[in-house]
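Working notes, beginning with the structure itself.
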Amino acid sequence: MKEKSIKGTTYKLPGSLTKFQEEMYVHLINWKWENISKDPGYYNYKGSEIEYDAILPKSYKNDFPLIYPSILKELKHHKEIFQFKFHQHFNHMASSQAANVNLFLPILMHPQVNDILKLLKPDFKSLATTELYKGFRIEYWDGNSNSERGLLKDHSSLSGTDSDIAIAYYNHKDELCLWLVEHKLTEKEFTECGGFKSKDRDKSKHFCEKSFSEIKLNKNYCFHHSFKGREYWNLTDANQSFFINHSKHDSCPFKGGMNQLWRNQLLGFALEKEEKFKEVYFSVVKHPDNKALYKSINQYNDLINDNIKFSVFDSKDFINAASKINDTELKIWIDWYKGLYKI
């Protein structure tokens with residue numbers, strides 16, 4: 001933690017922030033001070049309680065002050081049915097999980113949801129409200145308990161591949177489809193490969209420096225395949241034409257930020273194989289001023305040759321689509337969201 005004076009005000013901030021992150025943190029802290037509390041929250045680091053202005057005080061934890069009030073009841077009901085985990089930093093002003101809920105649920109629960117989403121997704125006809133939880137599911141994967149490993153065989157009580165939100169819908173052929181979304185607020189990178197850095201990785205047989213083609217031929221080069229028994233490379237092999245430009249990479253393309261994009265895409269392929277959903281698409285939705293993510297996004301788009309199964313939106317795109325609906329309830333939410341998240 002560092003204390004930094006900005007325009008005459010002292011803020012307790014993390015030690016290493018990008019320019020965009022610092023601007024967002026200061027804005028979010030100011031919003032917190034004005035709308036919730038001026039008291040700092042605490043982060044436990046190696047047994048020490050460290051003050052941070054961007055964390056909510058513990059006394060507010062059960063009040064959900066970061067959640068748009070009109071969706072809180074639905075959020076709680078959803079969690080009763082699908083036991084997703086609130087992230088460790090859910091009560092942090094820069095919580096991407098909270099921002100994801102605040103962006104999507106007011107749209108998905110609105111009577112004119114179809115009119116909004118079809119402005120963003122050309123194949124979208126209508127929300128499949130009898131699927132998942134009223135047509136969507138937060139922190140989606142194909143299971144719903146800690147005893148299940150999932151289609152990718154990577155789920156546990158602590159980790160696993162999931163999408164921040166999944167939206168079930170009917171396309172113009174009345175086929176049931178699924179839209180997986182990874183939402184980012186201030187993060188400067190996607191989740192990187194845990195196997196590459198794992199202390200359990202045997203560097204004498206787990207060769208991350210091998211190319212896509214080499215790993216495909218000997219999947220045991222990959223720690224996740226050999227040591228963890230995950231389905232990543234089996235699904236990649238079955239869908240290798242999707243990663244058409246893999247030869248541009250001398251080593252495994254998925255060691256860095258592309259890893260999270262890859263795993264979400266593989267979840268889509270696994271779901272299509274189950275044949276419940278005719279098509280599964282995957283999108284990243286990010287804050288419009290978050291430019292740091294473009295490095296991995298551009299690398300991934302190059303790897304897949306801009307395949308339409310993957311797309312990128314700014315949160316502002318959803319706000320603009322909703323604003324085209326002349327509705328007072330939506331306008332109140334839009335003003336609230338833009339004020340909180342500096343849109």
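In this text the structure is predicted, and so the values were computed from the model without any measurement.
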Verdict with reasoning, Y337 to Y68, per ring-ring contact (aromatic ring centres under 6.0 Å, His included)
CA-CA 8 Å; Y337 186 93; Y68 188 61; 9.2 Å; no

With side chain to side chain contact (heavy atoms under 4.5 Å, CB included) as the criterion, how do E74 and K134 come out once you've worked through the C-alpha distance, each side chain's angles and the decisive distance to 0.1 Å?
CA-CA 10 Å; E74 290 289 353; K134 301 184 180 182; 3.0 Å; yes

Given side-chain hydrogen bond (donor to acceptor under 3.5 Å, both in side chains), test S296 with E189 step by step and report yes or no.
CA-CA 8 Å; S296 290; E189 182 59 286; 2.8 Å; yes

Before giving the answer on side-chain hydrogen bond (donor to acceptor under 3.5 Å, both in side chains), spell out for H172 and D123 the whole-Å C-alpha distance, their side-chain angles and the decisive distance to 0.1 Å.
CA-CA 6 Å; H172 296 293; D123 69 320; over 6 Å; no

Going through the distances and angles, do L303 and F254 end up as a side chain to side chain contact (heavy atoms under 4.5 Å, CB included)?
CA-CA 11 Å; L303 175 68; F254 309 118; 3.6 Å; yes

Determine, stepwise, if the pair Y140 / D164 fulfils side-chain hydrogen bond (donor to acceptor under 3.5 Å, both in side chains).
CA-CA 6 Å; Y140 173 84; D164 290 327; over 6 Å; no

Check the pair Y52, H89 against ring-ring contact (aromatic ring centres under 6.0 Å, His included), reporting the backbone distance first and the verdict last.
CA-CA 12 Å; Y52 283 101; H89 299 298; 9.2 Å; no

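Listed for the S95 side chain is a donor-acceptor partner under 3.5 Å among the backbone atoms of A98. Judged by distance alone, with hydrogens and angles left aside, the side-chain atoms of E214 form a donor-acceptor pair with the main-chain N or O of S211 at under 3.5 Å. Not a single donor-acceptor pair under 3.5 Å links the side chain of N100 to the backbone N or O of H183. No donor-acceptor distance shorter than 3.5 angstrom exists from the side chain of K197 to the backbone of G194, with no hydrogens or angles considered. A donor-acceptor pair under 3.5 Å is absent between the side-chain atoms of K205 and the main chain of D202, judged by distance alone. Under the 3.5 Å distance criterion, the side-chain polar atoms of K286 are matched with a main-chain donor or acceptor of N290. Side-chain atoms of S323 come within 3.5 Å of backbone N or O of N320 as a donor-acceptor pair. Listed for the E275 side chain is no donor-acceptor partner under 3.5 Å among the backbone atoms of E272. Judged by distance alone, the side chain of E182 and the main-chain N or O of V284 form no donor-acceptor pair under 3.5 Å. N298 places a side-chain N or O within 3.5 Å of a backbone atom of Y294 that can act as its donor or acceptor partner.
Aromatic ring centroids of H78 and F84 lie under 6.0 Å apart. Residues F212 and W233 place their aromatic rings such that the two centres sit under 6.0 Å apart. For H77 and F82, the ring centers are positioned 6.0 Å apart or more. With ring centers used as reference points, Y11 lies under 6.0 Å from W33. Checked against the 6.0 Å centroid threshold, F20 and H287 count as a close aromatic pair.
When all heavy atoms of N144 and I81 are compared, the pair lying nearest together is ND2-O, 3.2 Å. When every heavy atom of R230 is checked against every heavy atom of H225, the shortest pair comes out as O-ND1, 3.8 Å. Across D142 and G150, no two heavy atoms sit closer than the pair OD2-CA, 3.2 Å. Between K32 and G41, the shortest heavy-atom contact is NZ-N, 4.2 Å. Between H246 and S213, the closest heavy-atom pair is CE1-OG, 3.1 Å. When all heavy atoms of R149 and W141 are compared, the pair lying nearest together is C-CZ3, 4.0 Å.
By the 6.0 Å contact criterion, NZ on K309 is enclosed, its count of non-hydrogen atoms from other residues, nucleotides or ligands being greater than 12. For N326, the CG atom is loosely surrounded, since the number of other residues' heavy atoms within 6.0 Å does not exceed 12. More than 12 heavy-atom neighbours from other residues, nucleotides or ligands sit within 6.0 angstrom of CG on D200. Within a 6.0 Å radius of NZ in K79, other residues, nucleotides and ligands contribute more than 12 heavy atoms. Under a cut-off of 6.0 angstrom, the local environment of NZ in K203 is sparse, with at most 12 non-hydrogen atoms contributed by other residues, nucleotides or ligands. In this structure, K291 places its NZ atom where more than 12 heavy-atom neighbours from other residues, nucleotides or ligands lie under 6.0 Å away. For NZ of K338, the number of neighbouring non-hydrogen atoms (other residues, nucleotides, ligands) closer than 6.0 Å is 12 at most. Atom CG of D335 has more than 12 heavy atoms from other residues, nucleotides or ligands within 6.0 Å.
Exactly one of V101, L180, L108 qualifies for a side-chain contact (heavy atoms from CB on, under 4.5 Å) with I165. That residue is L108. Under the ring-ring contact (aromatic ring centres under 6.0 Å, His included) rule, F313 has a single partner from F282, F318, F104, Y281, which is F318.
Side chains of E139 and H87: a donor-acceptor N/O pair is present below 3.5 angstrom, by distance only. At a cut-off of 3.5 Å, with distance as the only test, no side-chain donor of S5 or T10 sits close to an acceptor on the other residue. For N234 and E231, the side-chain atoms include at least one donor-acceptor pair closer than 3.5 Å. A donor atom on one side chain and an acceptor atom on the other are not found under 3.5 Å apart for E51 and Y43. Under the 3.5 Å distance criterion, with hydrogens and angles disregarded, no donor-acceptor pair is assigned to the side chains of Y170 and N114. Side chains of Q260 and K184: a donor-acceptor N/O pair is present below 3.5 angstrom, by distance only. Inspection of the N259 and E192 side chains reveals no N or O donor paired with an N or O acceptor under 3.5 Å. D154 and Y232 are linked by a side-chain donor-acceptor pair at a separation below 3.5 angstrom, with hydrogens and angles left out of the test.
Residue F269 is grouped with residue M258 when hydrophobic side chains (ILVMFWY) are merged at heavy-atom distances under 4.5 angstrom, including chains of intermediate members. Linking ILVMFWY residues whenever their side-chain heavy atoms come closer than 4.5 Å, directly or via other members, places Y60 and M93 in the same cluster. Put simply, L117 and V285 are part of the same group of oily side chains (I, L, V, M, F, W, Y) that touch within less than 4.5 Å, one to the next.
Separation of atoms NE2 (H27) and CD (E23) is listed at 11.5 Å; rounding is to 0.5 Å.
Taking the ring axis of F86 as reference, the NZ or CZ atom of K61 does not stay both within 45° of it and closer than 6.0 Å to the ring centre. Both tests pass for K121 against the ring of W179: distance under 6.0 Å to the centre and angle within 45° of the axis. Figure legend: K210 and Y221 shown as a cation-pi pair, the cationic atom lying under 6.0 angstrom from the six-membered ring centre and within 45 degrees of its axis. Seen from the ring of Y42, K58 does not count as a face-on cation partner, given the 6.0 Å and 45° thresholds.
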